Protein chains: 2
Amino acid sequence: MSYVRETSAGYLTNWAARLFARAIERRLAGGSSGPMPVFFALQDGGAMTQKELALLAAVEQPTMANTLNRMERDGLVARTPDPNDRRSARVSLTPLGRERARAAFVSAIEVNGLATDALEPEEREVFYGMMRRIIAALERDSGTE
Amino acid sequence: MSYVRETSAGYLTNWAARLFARAIERRLAGGSSGPMPVFFALQDGGAMTQKELALLAAVEQPTMANTLNRMERDGLVARTPDPNDRRSARVSLTPLGRERARAAFVSAIEVNGLATDALEPEEREVFYGMMRRIIAALERDSGTE
DNA sequence: CTCATTTACATAGCTTGCTATTTAAATCCA
DNA sequence: TGGATTTAAATAGCAAGCTATGTAAATGAG
């Protein structure tokens, strides 16, 4: 028993991440947590290319392509051809997309609150700091940064 | 900008979880991180039903069913019919499965080490404790516990 | 200017997660 | 005992992540 999951950072993190996603999706009833990073990035009316969105969301390009396809299908984003580069399109939120973004933020804030209520107030910044350091370490390992 | 991802517990946790999974999978080269909870549960030769495994791994029953199907296809687990309950089968690791489990633990320990190296030694237990409290809070919310 | 290289995106195919539903065996109760 | 209920697993279908590879436009080197 050299390996105990209760003290495996990866196991605990993966477990928590699934619970976070489920909690948000339960509140959105139909909506899902995948578009969240796109909502983040475009919330105040901006437009970005798919590549920029993938970078910001820290997902691979095909993952973002699929997410945007679903969002476009559901009327949440619009793609307008980039006049300067015919390979690219500028992605922006539709009015429906902005509405869903607001709803998603409400749910996310609620779930984050519920989770961080399990921490002492002074522990919360510590938690964010630890997470950011772990993320930085794992990105260094992947050489992707 | 009421919502900033750098201080969203869910966003950070999801991000870190993906990096953990990628880091382990990069090391396993072909093998993936999905069977990990099954490896955990059956590492010392035990046998369990699908339901018990799903409960332990904290995934839904169909998720575990799929994982076990892939593992069976790849020769990592064997299902032997339960003599007392014809609906059930006892799942156990094959010799190949045990071998892969060992390799997976090596990778997992390496990646966990790499991640927790980003924390001060005295912070590590604090991190596990925070994670366990957040997990408990989210499970309470889901009413699944 | 032309051809090679790079870049942005698309496509194919896989894993791992989920919900909803079905099937069949076991159990419970009248 | 026999019918209703519960339980274990299977199946269908979708989302979101990944890698590998293809395609077409833009860029750069001679």
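From a predicted model like this one, the values you see are computed outputs, not experimental measurements. Proteins come first, then strands; the chains are lettered A, B, ... in the order of their sequence lines, and each starts at number 1.
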*Measure from CZ on B:R79 to C1' on D:dA9 and round the result to the nearest Å.*
9 Å

*Can you check side-chain contact (heavy atoms from CB on, under 4.5 Å) on A:V111 and B:L138, steps first, answer last?*
CA-CA 8 Å; A:V111 171; B:L138 291 170; 3.9 Å; yes

*Tell me: CG of A:L55 to P of C:dT7, nearest whole Å?*
13 Å

Tabulated below should be each protein N or O lying under 3.5 Å from an N or O of nucleotides 16-20 of chain C; please produce it.
unit_1: C:dT16; atom_1: OP1; unit_2: B:S32; atom_2: OG; d: 2.5
unit_1: C:dT16; atom_1: OP1; unit_2: B:G34; atom_2: N; d: 2.8
unit_1: C:dT16; atom_1: OP2; unit_2: B:R70; atom_2: NE; d: 2.7
unit_1: C:dT16; atom_1: OP2; unit_2: B:R70; atom_2: NH2; d: 3.1
unit_1: C:dC18; atom_1: OP1; unit_2: A:R22; atom_2: NE; d: 3.0
unit_1: C:dC18; atom_1: OP1; unit_2: A:R22; atom_2: NH2; d: 2.6
unit_1: C:dC18; atom_1: OP2; unit_2: B:E60; atom_2: N; d: 3.0
unit_1: C:dC18; atom_1: OP2; unit_2: B:T63; atom_2: OG1; d: 2.9

*Can you check the B:E72 CD to D:dA9 C1' distance for me, whole Å?*
13 Å

*Starting from P on C:dT7, measure out to CG on A:D82 and report it in whole angstrom.*
17 Å

*May I ask you to say what A:R73 touches in the nucleic acid, namely base, sugar-phosphate or nothing, with a heavy-atom cut-off under 4.0 Å?*
sugar-phosphate

_Axial bend angle, the helix from C:dC1-D:dG30 to C:dA30-D:dT1: five-pair end segments, nearest 10°_ = 10°

_Residues in side chain to side chain donor-acceptor pair (under 3.5 Å) contact with B:E72, at least two apart in sequence or another chain_ = B:R79

*Rounded to whole angstrom units, what separation is found between the CE atom of A:M64 and the P atom of C:dC9?*
11 Å

*With B:E52, which residues qualify under side chain to side chain donor-acceptor pair (under 3.5 Å), at least two apart?*
B:T49

*Could you pull out all residues at least two apart from A:V126 that satisfy side chain to side chain contact (heavy atoms under 4.5 Å, CB included)?*
A:M130, B:M130

Which pairs, protein N/O on one side and nucleotides 23-28 of chain D N/O on the other, fall under 3.5 Å?
unit_1: D:dA26; atom_1: OP1; unit_2: A:R86; atom_2: N; d: 3.0

_Value in whole Å for how far the C1' atom of C:dA25 lies from NZ of B:K51_ = 15 Å

*Heavy-atom closest pair, residues A:L93 and A:A101*: CD1-CB, 4.3 Å

_Tell me whether the side-chain N/O atoms of B:S88 come closer than 4.0 Å to OP1 or OP2 in D:dA9._
yes

*Step through it carefully: locate the ring centre of A:F20, locate the ring centre of B:Y11, and say whether they are under 6.0 Å apart.*
no

*Pairs flagged by salt bridge (Lys or Arg N to Asp or Glu O under 4.0 Å) wherever residues 96-115 of chain B is involved - sequence neighbours left out*: B:R27-B:E110

*In chain order, what residues pass the side chain to side chain donor-acceptor pair (under 3.5 Å) check against A:R18, with sequence neighbours excluded?*
A:N14

*Rounded to the Å, how far apart are A:E52 CD and C:dT7 P?*
15 Å

*Partner set under side chain to side chain contact (heavy atoms under 4.5 Å, CB included) for A:P62, not counting sequence neighbours*: A:E60

*Across the strands shown, which category fits B:A21 at heavy-atom distances under 4.0 angstrom: base, sugar-phosphate, nothing?*
nothing

*Take atom CD1 of B:I24 and atom C1' of D:dT19, then tell me their distance rounded to the nearest Å.*
18 Å

*Would you mind listing every side chain to side chain donor-acceptor pair (under 3.5 Å) that reaches into residues 113-136 of chain A, with sequence neighbours excluded?*
A:E123-B:R133, A:R133-B:E123

*asked:* Restricting to side chain to side chain donor-acceptor pair (under 3.5 Å), what partner residues turn up for B:R87, sequence neighbours left out?
replied: B:D85

